[in-house]
Amino acid sequence: MSRPLWVVDLLKKIYPKRFLVAKATKIPAIGRLLDHWLFNGDGLIFLPQDQTARTVSVNQSIERPGEMVLPSRVVEHFVEQASVHWIMDFCLCRAAEECEDYPIDLGCLFLGEAALGINPELGRRVTKQAALEHVQRCREAGLVHFVGRNKLDTVWLGIGPGHKLLTVCSCCPCCCLWGVLPHVTPRISNKIQRMPGVTVAVSDRCVGCGTCIEEDVCFMNAIRLEEGQAVIDDTCKGCGRCVDICPQGAIELSIGDEQFVDDAIAHIDSLVELT
């Protein structure tokens, strides 16, 4: 049964407390309970922004844009595949935080038959073309996609089954739910992965300015300064925010080859049924 609007209003009020809930997942009993209730069967992938294409390549020179690997193709694949496309009229995270830096009206895109059960007061069913235009606007606004199966959405929206719903969330660095990732138990955070084949590395152009370690840059707090240079650890999800924010262009993101895009699609395909 789809959720009434009062449930959404309640979620907005308690959303600022999300970090307390996240830390509680490290208590074994609570972590197991929340994992089963909200994240069981999940598999989500962060996608680097296409605007970092100057550093996203297929082992080719950046002068050859035709050889670029565009992570947005993962989203476009599922938009083309799905029979149902449904757009939220707002982003719950940004609305709850009253975000002033990114558009609140650019909400999640939900794909698959389960989306038909969403309360129609929260958004609308759209055409395939409108869905493609929506995700393009999200990217142009500087938002980062993550895509995959997310049980949390079936719970708060009151819909199902989970394998008939694919979430395409467009996240900002300041309000996104997934800012809790450094605080949750690994059994939950490991379900949100970097795109296969993505490598993020610091070059010798780094001057240790510290821009990349500022608040609201890295979702995972995966960057630190050591001996005057940025260091990225293995918890990095490969979203590419640090690449875009670095004033020296010292952080580089690369994708090994086109096969890794296909690998991402295959992984998500194994979790959901959209047709």
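The basis for the numbers below is simple: all heavy atoms, side chains too, and nothing from hydrogens, waters or symmetry mates. Predicted model, so just to flag it, every value in this text is computed and none were measured.
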Problem - Sequence neighbours excluded, every pair satisfying side chain to side chain donor-acceptor pair (under 3.5 Å) that has a member inside residues 93-106 - result: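 Pairs touching residues 93-106 that pass the test: R18-E97.
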
Fill in the blank from the handout: side chain to side chain donor-acceptor pair (under 3.5 Å) pairs touching residues 167-182, sequence neighbours excluded, are H145-S170, D153-T167

Practice task
Show your working on side-chain contact (heavy atoms from CB on, under 4.5 Å) between V8 and L10 and close with a plain yes or no.
Solution key: CA-CA 5 Å; V8 178; L10 177 62; over 6 Å; no

Completion exercise
By side-chain hydrogen bond (donor to acceptor under 3.5 Å, both in side chains), Q259 pairs with (sequence neighbours left out) D263

Exercise for the section: Kindly indicate, with the supporting measurements, whether the criterion side-chain contact (heavy atoms from CB on, under 4.5 Å) is fulfilled by V74 and V261. Expected result: CA-CA 7 Å; V74 176; V261 174; 3.8 Å; yes

Testing the basics here: between [X] and [Y], what is the closest heavy-atom pair and its distance to 0.1 Å?
{"X": "F110", "Y": "A115", "value": "CB-CB, 4.1 Å"}
{"X": "I232", "Y": "C242", "value": "CD1-SG, 4.5 Å"}
{"X": "C175", "Y": "C93", "value": "O-CB, 3.4 Å"}
{"X": "C236", "Y": "G238", "value": "SG-N, 3.2 Å"}
{"X": "C212", "Y": "I251", "value": "CB-CD1, 4.0 Å"}
{"X": "P161", "Y": "A114", "value": "O-CB, 3.7 Å"}

Atom [atom1] of [X] and atom [atom2] of [Y]: how far apart are they, to the nearest 0.5 Å?
{"X": "L109", "Y": "H134", "atom1": "CG", "atom2": "NE2", "value": "6.0 Å"}
{"X": "E252", "Y": "T199", "atom1": "CD", "atom2": "OG1", "value": "11.0 Å"}
{"X": "C169", "Y": "L106", "atom1": "SG", "atom2": "CG", "value": "11.5 Å"}
{"X": "R149", "Y": "L165", "atom1": "CZ", "atom2": "CG", "value": "9.5 Å"}
{"X": "E121", "Y": "L5", "atom1": "CD", "atom2": "CG", "value": "4.5 Å"}
{"X": "I27", "Y": "R32", "atom1": "CD1", "atom2": "CZ", "value": "11.5 Å"}

Hydrophobic cluster membership, [X] vs [Y], 4.5 Å side-chain cutoff:
{"X": "I188", "Y": "L20", "answer": "no"}
{"X": "I159", "Y": "V7", "answer": "yes"}
{"X": "L152", "Y": "I192", "answer": "yes"}
{"X": "V217", "Y": "F46", "answer": "no"}
{"X": "L92", "Y": "W6", "answer": "yes"}

Donor-acceptor contacts under 3.5 Å from residues 125-132 side chains, at least two apart:
| unit_1 | atom_1 | unit_2 | atom_2 | d |
| --- | --- | --- | --- | --- |
| R125 | NH2 | S83 | O | 3.2 |
| T127 | OG1 | A130 | N | 3.1 |
| K128 | NZ | E80 | O | 3.2 |
| Q129 | NE2 | E133 | OE2 | 3.2 |

Are the side chains of [Y] and [X] in contact, using a 4.5 Å heavy-atom criterion?
{"X": "T235", "Y": "L181", "answer": "no"}
{"X": "V84", "Y": "L111", "answer": "no"}
{"X": "L44", "Y": "V147", "answer": "no"}
{"X": "D89", "Y": "L122", "answer": "no"}
{"X": "Q248", "Y": "C206", "answer": "no"}
{"X": "H85", "Y": "V79", "answer": "yes"}
{"X": "N119", "Y": "L157", "answer": "no"}
{"X": "L274", "Y": "F78", "answer": "yes"}

Problem - D234 atom CG, over 12 foreign heavy atoms within 6.0 Å - result: no

Practice task
Please report the C-alpha distance between L177 and Y15 in whole Å, then the side-chain angles of each, then the deciding distance to 0.1 Å, and finally whether the side-chain contact (heavy atoms from CB on, under 4.5 Å) criterion is met.
Solution key: CA-CA 8 Å; L177 170 66; Y15 186 76; 3.7 Å; yes

Handout entry: H77: ring-ring contact (aromatic ring centres under 6.0 Å, His included) partners, not counting sequence neighbours
Key =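 So H77 forms no ring-ring contact (aromatic ring centres under 6.0 Å, His included) with any residue.
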
Completion exercise
residues 20-29 vs salt bridge (charged side-chain N to carboxylate O under 4.0 Å, His left out), sequence neighbours excluded, gives none

Problem - salt bridge (charged side-chain N to carboxylate O under 4.0 Å, His left out) partners of residues 167-179, not counting sequence neighbours, each pair once - result: none

Problem - Which residues share a salt bridge (charged side-chain N to carboxylate O under 4.0 Å, His left out) with D262, sequence neighbours left out - result: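 Listed in chain order: R73.
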
Problem - Test salt bridge (charged side-chain N to carboxylate O under 4.0 Å, His left out) applied to R137 - qualifying residues, sequence neighbours left out - result: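 R137 satisfies salt bridge (charged side-chain N to carboxylate O under 4.0 Å, His left out) with no residue once adjacent residues are dropped.
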
Exercise for the section: Measure from NZ or CZ of K237 to the centre of the six-membered ring of F146, then state whether that distance is under 6.0 Å and the direction lies within 45° of the axis. Expected result: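 Negative - K237 is either too far from the ring of F146 or too far off its axis.
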
Exercise for the section: Determine which pairs satisfy ring-ring contact (aromatic ring centres under 6.0 Å, His included) with at least one residue from residues 222-275, sequence neighbours left out, and list them in order. Expected result: none

Identify all side-chain donor-acceptor contacts of residues 218-231 below 3.5 Å with residues at least two apart in sequence or on another chain.
| unit_1 | atom_1 | unit_2 | atom_2 | d |
| --- | --- | --- | --- | --- |
| R224 | NE | E226 | OE2 | 2.6 |
| R224 | NH2 | E226 | OE2 | 2.9 |
| Q229 | NE2 | S203 | O | 3.4 |

Just distance, no hydrogens or angles: give the donor-acceptor pairs under 3.5 Å from side chains in residues 34-41, sequence neighbours left out.
| unit_1 | atom_1 | unit_2 | atom_2 | d |
| --- | --- | --- | --- | --- |
| D35 | OD1 | K191 | NZ | 2.5 |
| D35 | OD2 | R187 | NE | 3.2 |

Exercise for the section: Kindly determine whether K17 and F19 satisfy side-chain contact (heavy atoms from CB on, under 4.5 Å), including the steps that lead there. Expected result: CA-CA 6 Å; K17 305 295 185 183; F19 293 102; over 6 Å; no

